[in-house]
> 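Right, I'll just put the structure down here and ask away after.
Numbered from 1 within each chain, the chains take letters A, B, ... in sequence-line order.
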Number of protein chains: 2
Amino acid sequence: MPFAEQTAPPTRREQILAAAAELFARHGFHGVGINDIGAAVGISGPALYRHFRSKDAVLGEMLTSISELLLAGAQSRVRDAVDPEESIRALIGWQVDFALANPALITVQERDLGNLADADRQRVRALQRRYVEVWVTTIRRSRPEVGEPAARAAAHALFGLINSTPHSAHLDRGQMTDLLAAMAYAAVHSLT
Amino acid sequence: MPFAEQTAPPTRREQILAAAAELFARHGFHGVGINDIGAAVGISGPALYRHFRSKDAVLGEMLTSISELLLAGAQSRVRDAVDPEESIRALIGWQVDFALANPALITVQERDLGNLADADRQRVRALQRRYVEVWVTTIRRSRPEVGEPAARAAAHALFGLINSTPHSAHLDRGQMTDLLAAMAYAAVHSLT
DNA sequence: CGAGGAAGTTAACGAACGCTAACCGCGGTA
DNA sequence: TACCGCGGTTAGCGTTCGTTAACTTCCTCG
């Protein structure tokens, strides 16, 4: 098949990041050793330092890249929407898809943000602030009577709702997508 | 004043549990040392072992007691409700009040469950299962057309929504209570 | 008044962990 | 062919951490 898109095999860095995400999600950053991460990708211990400057750097790259990805996705979806209502639906859909596709990353992001090195934490916090801002302005565009603090609190509540994914795998993915999106959409429309 | 209800001063154990909850919430179980906990209550280091068998025991008692408290509160509120609809409102109110009153405990429970000693983890898991079950049966009583797996997923989503509290302190408590309850209630009613 | 236990202290041990050092095999290129 | 850098290994270092030991202080009760 001449034109088959052959997806490039994952580089070692990517393998390590994926394995570390899974481990961090299960045991927490401080609960996982460098040896555990190495073992999870078939190398052992300090070989990790051929690919990352430190253990903190693994977490740093993990969280910055997902924050950037989330923000970029949100911005592009809002840009493509034709009215505020569709923007909200698009944002919800984006967050739901992302959370269902990357439960480990979602878990780590909200659990181990405090374990980032200072510089990384500032970067991630800034990206997250901008992500929240996209939601807040979108919500307020569609419901101008909602105050900004309320919109911000509502956005966080929606993240909590949608990111609850890792704690429940009882439905298949399609049904879960529909259920979370419907609940989130209804919750937004409850705002006064 | 003869009949003044003098609230008993907190015992050392309680002080330690409260301080540890705050620290665990901020830095994670493994990110907090025995010395940090001691310092937070004005004693230093190993004095902790006069009150707890181990550091794990601190987390264990913390999470079992809140799980029991949550379950008992939910059961009593459902018992006092006259119809399924009111039961749901009561459960939502209970969880919202609890989350707003104990943000640190909420954070620790969903973050450090995996760091419990095996026996404690089993106990806490069992209590949490029963708590979820109260929600699931209540939801299904009020909306019989919702399947059990969907109800379970919805319950987890509602917990995520309501427990988002620690991540946003932008509203005063009364407004936050109303906002979360309204969003949760609307989300439940979106279930098919 | 004297004994004893509850609650605290500091010192020290042993294990685990992050990281570095020193060394090795191998594939590609001058 | 000789070389060199990339990615891996094991050994070991320094630190931190949970826990125990040994000792002190003080309040209470017989």
> What is the distance, rounded to the nearest whole Å, between atom CD1 of I43(B) and atom P of dT9(C)?
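Checked: the CD1 to P distance equals 6 Å.
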
> Report the nucleotide, chosen from dT9(D), dG8(C), dT19(D), that has the shortest atom-to-atom distance to any side-chain atom of D56(B).
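The nucleotide sitting nearest to the side chain is dT19(D).
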
> Would you please classify the geometry between the F24(B) ring and the F29(B) ring as parallel, tilted or perpendicular, with 30° and 60° separating the classes?
perpendicular

> Rounded to whole Å, how long is the line connecting atom CG of L48(A) with atom P of dG8(D)?
10 Å

> Check the distance between dG18(D)'s C1' and N115(B)'s CG and give it to me in whole angstrom.
15 Å

> In whole Å, I'd like the distance from the CG atom of N35(A) to the P atom of dA11(D).
13 Å

> Assign each of R12(A) and H30(B) to its nearest nucleotide of DNA chain D by heavy atoms, then name whichever residue's nucleotide is nearer the 5' end.
R12(A)

> To the nearest Å, give me how far apart NE2 (H27(B)) and C1' (dC17(D)) are.
16 Å

> Which part of the nucleic acid does I34(A) contact within heavy-atom distance under 4.0 Å: base, sugar-phosphate only, or nothing?
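I34(A): backbone/sugar contact only, no base atoms under 4.0 Å.
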
> Would you mind telling me which of E68(B), Q95(B), Q75(B) makes a side chain to side chain donor-acceptor pair (under 3.5 Å) with Y131(B)?
Q95(B)

> Rounded to the Å, how far apart are F52(A) CZ and dT20(C) P?
15 Å

> Return the nearest nucleotide to the side chain of P46(B); candidates are dG18(C), dA7(C), dA11(C).
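Within the option list, the nearest is dA11(C).
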
> Separation of K55(A) atom NZ from dA16(C) atom C1', in whole Å?
11 Å

> Taking atom types as modelled and ignoring hydrogens, do the side chains of E85(B) and H189(B) form a donor-acceptor contact shorter than 3.5 angstrom?
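Looking only at side-chain atoms, H189(B) and E85(B) do form a donor-acceptor pair, the distance falling under 3.5 Å.
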
> dT9(C), dC23(C), dT20(C): which one has an atom nearest the side-chain heavy atoms of R50(A)?
dC23(C)

> Mind checking whether F159(A) and H156(A) have parallel, tilted or perpendicular rings, split at 30° and 60°?
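Perpendicular: the ring planes of F159(A) and H156(A) meet at over 60°.
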
> Counting only side-chain N and O atoms of H51(A), is one of them less than 4.0 Å from OP1 or OP2 of dG8(D)?
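Checking H51(A) against dG8(D): at least one side-chain N or O falls below 4.0 Å of OP1 or OP2.
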
> To the nearest Å, how far apart are R13(A) CZ and dG8(D) P?
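One finds 13 Å between P of dG8(D) and CZ of R13(A), rounded.
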
> Does V32(B) reach a base, just sugar-phosphate, or nothing at all? Heavy atoms under 4.0 Å.
sugar-phosphate

> More than 12 foreign heavy atoms under 6.0 Å from CZ of R140(B): is that the case here?
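It does: R140(B) CZ has more than 12 such atoms within range.
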
